[in-house]
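This report concerns only the one structure given below.
Values reported hereafter were calculated over all heavy atoms of this structure, with side chains retained and with hydrogens, waters and symmetry mates removed. Letters A, B, ... mirror the listed sequences (proteins, then strands); counts begin at 1.
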Amino acid sequence: MNLAIRDNFLKEFIISPTVISQSPDLIKRQQRIAAQGLSYLKAPTVRDEGWRFTDLAPIYDTDFTSPTRETVDHRVIKQFFLPEAKNRLVFINGVYSNEFSDISGSQLGIFVGNLDQYPDKVAKIVEMRFAAGDDCQNLFFPALNTKMVNDLALVVVDSNTKVEKPIHLLHISTGKRNFSNYRVLVALGKGSSASIFEDFVSVNADQNLTNAVVEIAVEESANLNHLKIQREDPSCFNIAYTNVQQERNSQYSYCSISTGSHVDRQDIVVSQIGMDAECRLDGLTFLSGNQTGGFHSKIIHDFGGGTSKQLHKTVVAGKARSDFNGQIHVRPEGHLSNASQSNQNLLLSNKGRINTKPQLEIFADDVKCSHGATVGQLNDEEIFYLQSRGIAFDDARKILIYGFAAEIISLIGIESVATLIREQVLQQTGNKHFL
Amino acid sequence: MSARGILSLIEIKGLNAKIDDKAILNDFELRVAPGEIHAIMGPNGSGKSTLAKVIAGHPAYPVSSGIINFQGVDLLSKSPEERARAGIFMGFQYPVEIPGVTNSSFLRLALNTARSSKGEEELDPIEFEDYLQDKLKMLDIDPDFLARSVNEGFSGGEKKRNEILQMAVLNPRLSILDETDSGLDIDALRLVAGGIKKLSNKDNGIILITHYQRLLNYIKPDFVHVMYKGSIIKTGGVDLALELEDRGYDWIVSD
C-alpha cells in the first residue's frame, strides 16, 4: 500500500476547521479535543496490531468527498421501515432526515430525536456521555467521527421506563464516494428497558464510506436489546465503533449481522462498570467475493459477578477474508466473573481466509472463563445424509450453510428482521426451496 | 438372466470395496426380491455398515469391482441423490442434525425432488400436509416433530423414528436400515420396529443390518445372513438368528 496515500487520507477532512464551527455548542468541546488528537493520529494499516488482518487499502485508495445533500425516492426508503417500530430515526449519509424520521411514538419518559430540538435533561446527558471515553480521542476512526459529526441520533430513556416497541435507527448510504460520519447516543436510565435496531442500508450507492460511532450507557438494572444489521452495497465501506457502559445489574444483548460492503470493520467495547452486569454478544458475518470483514470485541469485567456470553459465526466464500478478535479482560476486582466465548467459522473455498484470535486476559483468580474457536468446512457426512434423501450435492451444501447461520438468526428478537435475514441468507446461499 | 434375477429388486455380484488397501467388502453377493426382508448380522468390523454406505453411494467407500443391479439400473454409476430418487433409502445409524431447517420443509423438499425427477407433479404445502398427516398417523408420531429442526436436539429414539418417518414419506423400493435398533430402549425399539413392519409390503424390500437378535423379535425376516470379513458366510432363517443369540459367532467363523 502506498503510505503517502494513507497519510493524506481524508486530510482535507481532518485539518478542516470549518466543521466544528458549524456544530452545536453541546458537542464542540469534545470535538476540539478529538481534533487535537487527530493531529498526531495516523490512519491504521496492516502494520498496526489490531488491523493486521483487516486491510483498509481499498478505502485509502478511494478519493472520497463530503456528502452532498442527496435525495432518495421515498418509496425506496419506505421499504426499509420496520413494521414493529414505534420510533424511527432516519439519517441519509450521516445527515438527519426530518422527512423520513418518525418520532411521534415518543411517550412520557422517552426521547428519540436529534440535536435540532431536545429538552434540558437530554442536553445534560449529551454533555456527560458524548465522546466520554478515551477511544474517541485515541482511536483514529472514532476521533475522526467525533470531529466530523454535527448531529446525533439520540435515544434517551428515563428511569424505570419500559419502551415496548423497538426503536429503528436507519442509516442510508447513497451517492458516489461519499464519506459519511454517523453518530448514535443511547442512554437508558435506571431500571428502564428498550430495544434498538440499527440498520445500515444503501440506495444507489457506489464506494461510499460510512464511519459510525455508537455510544451506549445502560444504567443500573436497565436492559437493552441491541440489534444491528449491516447490508450495504458490496462496493461500499463500513467502519463502526460501539462503546457500551454497563452499570450494576444491567443487561445488554447485542446481535450483529453483516452481509454487506466491501470492507466491514466493527469494533465493540463493553465495559461492565458495576457488579453483576450481564452481557451477550452474538454475531453472524457472511463474506464472499472480495469482501473483508473484521469483528473485534472487548469485554471488560471490571467488578465482580459479571457475566458475558459470546457466539460469533462467520461464513467465508470466494476470496473473502475474515478477522475475528475476541478480547475478554477480567480485572483483579472482577471476582466470580463468568465469561464464555465461541467463534465458529465456516470456510467454503480454497481462496478464502479466516483469522481468529481469542484473547483472554484474566487478573482475578476465582473466575470462570472459556473460549473456543473453530474453522471448518462443510461436513461430508452431513452432505451425504442429505444426498441420500435425494437432495442434490449443491443443494445439500446450501442447506447446511443455512443451518450453520440459523442459530444466530434464531436469536434475532424482532420477527420481521428475523424473516428478512432468513430470506437474505437463503437467497445468498441459493436455497430457493425454503423461501 | 434367470427367472429369479428378473424378479430381483437388487442383485449384488462380486462386490469389492477397499479403504486404504484394506478389503472391507470381499466378493460380496446378495439378492433381494420384492416383498422380502433380509437381516444381515455379524461381528463388529465385518463390513455391514460399509455395505449400506456402498449401496447408498457414499463417496468415501469406492468400489473396486462388482455389480449392483437395482431394478435393471446399474447403481454404481449413479450419484447418491440419483440412487435415492430411484428408490434406495438408507436409514442411518447416526442421523445428522440440520439446524434451522424444519422437519416438514425438509421432508417436502426430499419428496418433491424425487417426484419431479420422475416427472410427477410436486406437492404444494397443503397437499403435502395431508400426505404427511397420514404417515404420522400410521407411525403414531407426534405432529410436534414437524415444526422442529431436522434431528436437532432429538433423543436417540426420536432420531431413529424420524428416519422411519422419512422412509414412510419417500416410500422407497429398497430400504437398508443400518443398526436402526442400536441405542434404543425397549419402548423405542417397539415403536421403530412397528413402523418398519407397517412399511414393509409386497413391492418393497428391506435389509436390516443389526447386531442383536432382539429387533427380529418384532420383525420376522425371510432370510438371516451372517457377514464376516466382507462377505456372507452363512444364510438361514429366523432360527439362525436365535442360534447366534445363543452361541455367538465363533462357531460359524471357525468352521
Side-chain angles (χ1 to χ4, degrees), chain A residues 255 257 259 282 284 286 311 313 315 342 344 346 374 376-412 415 417-435, chain B residues 52-53 55-61 78-118 122 125 149-153 159 162-163 165-167 169-172 175-176 178:
Chain A
C255 183
I257 302 201
T259 56
D282 297 300
L284 174 66
F286 250 87
L311 173 62
K313 291 194 173 193
V315 180
S342 171
Q344 300 172 15
L346 182 58
T374 58
Q377 294 172 311
L378 289 173
N379 182 310
D380 289 340
E381 291 304 314
E382 294 175 2
I383 294 173
F384 175 66
Y385 183 71
L386 293 169
Q387 284 181 289
S388 78
R389 300 300 180 252
I391 295 163
F393 178 79
D394 282 346
D395 288 335
R397 282 175 55 94
K398 290 166 187 168
I399 289 170
L400 293 171
I401 297 164
Y402 173 74
F404 177 81
E407 187 179 2
I408 301 292
I409 298 173
S410 73
L411 297 170
I412 298 175
E415 195 41 49
V417 181
T419 305
L420 175 96
I421 296 300
R422 193 173 293 123
E423 281 171 6
Q424 192 173 346
V425 171
L426 286 170
Q427 230 147 29
Q428 213 151 343
T429 52
N431 279 294
K432 294 176 195 78
H433 321 287
F434 300 134
L435 279 170
Chain B
K53 286 174 177 165
I55 295 174
H58 195 298
Y61 299 84
K78 304 284 181 199
S79 67
E81 58 266 38
E82 287 167 335
R83 296 180 198 203
R85 292 171 199 162
I88 297 275
F89 179 88
M90 175 180 163
F92 280 59
Q93 189 179 355
Y94 304 108
V96 164
E97 298 188 8
I98 312 166
V101 177
T102 62
N103 234 343
S104 61
S105 48
F106 174 64
L107 289 168
R108 189 161 72 89
L109 173 63
L111 179 68
N112 279 339
T113 310
R115 287 180 72 97
S116 61
S117 76
K118 286 183 213 131
E122 297 191 0
S149 294
V150 181
N151 294 329
E152 195 186 28
K159 281 183 182 169
N162 207 19
E163 294 289 284
L165 176 61
Q166 291 176 30
M167 178 177 159
V169 167
L170 294 171
N171 191 23
S175 301
I176 308 116
D178 186 13

Pairs of donor and acceptor atoms involving the side chains of residues 83-99 of chain B, under 3.5 Å and at least two apart or interchain, shall be tabulated with distances.
{"from": "B/Arg83", "atom 1": "NE", "to": "B/Leu75", "atom 2": "O", "distance (Å)": "3.2"}
{"from": "B/Arg83", "atom 1": "NE", "to": "B/Lys78", "atom 2": "O", "distance (Å)": "2.9"}
{"from": "B/Arg83", "atom 1": "NH1", "to": "B/Val54", "atom 2": "O", "distance (Å)": "2.9"}
{"from": "B/Arg83", "atom 1": "NH1", "to": "B/Ile55", "atom 2": "O", "distance (Å)": "3.0"}
{"from": "B/Arg83", "atom 1": "NH2", "to": "B/Leu75", "atom 2": "O", "distance (Å)": "3.3"}
{"from": "B/Arg83", "atom 1": "NH2", "to": "B/Lys78", "atom 2": "O", "distance (Å)": "3.1"}
{"from": "B/Arg85", "atom 1": "NE", "to": "A/Gly390", "atom 2": "O", "distance (Å)": "2.9"}
{"from": "B/Arg85", "atom 1": "NH2", "to": "A/Gly390", "atom 2": "O", "distance (Å)": "3.0"}
{"from": "B/Gln93", "atom 1": "NE2", "to": "B/Glu179", "atom 2": "OE1", "distance (Å)": "3.2"}
{"from": "B/Glu97", "atom 1": "OE2", "to": "B/Lys159", "atom 2": "NZ", "distance (Å)": "3.1"}

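The heavy-atom pair separating B/Glu81 from A/Ile391 by the smallest distance is CB-O, 3.5 Å. A/Phe384 and B/Pro59 get closest at one heavy-atom pair: CD1-CD, 4.0 Å.
Side-chain contact check for A/Ile399 versus B/Leu109: some heavy-atom pair is nearer than 4.5 Å. In this structure, the side chains of A/Glu381 and B/His58 come closer than 4.5 Å at one or more pairs of heavy atoms.
Using a 4.5 Å cut-off between heavy atoms, A/Glu407 does not touch chain B at all. Both the backbone and the side chain of A/Ser388 come within less than 4.5 Å of a heavy atom of chain B. Contact of B/Ala114 with chain A is not made at all, since no heavy-atom distance falls under 4.5 Å. In this structure, chain A has a heavy atom under 4.5 Å from the side chain of B/Glu163, while its backbone stays farther away.
With values rounded to the nearest 0.5 angstrom, A/Gln387 atom CD is found 10.0 Å from B/Glu82 atom CD.
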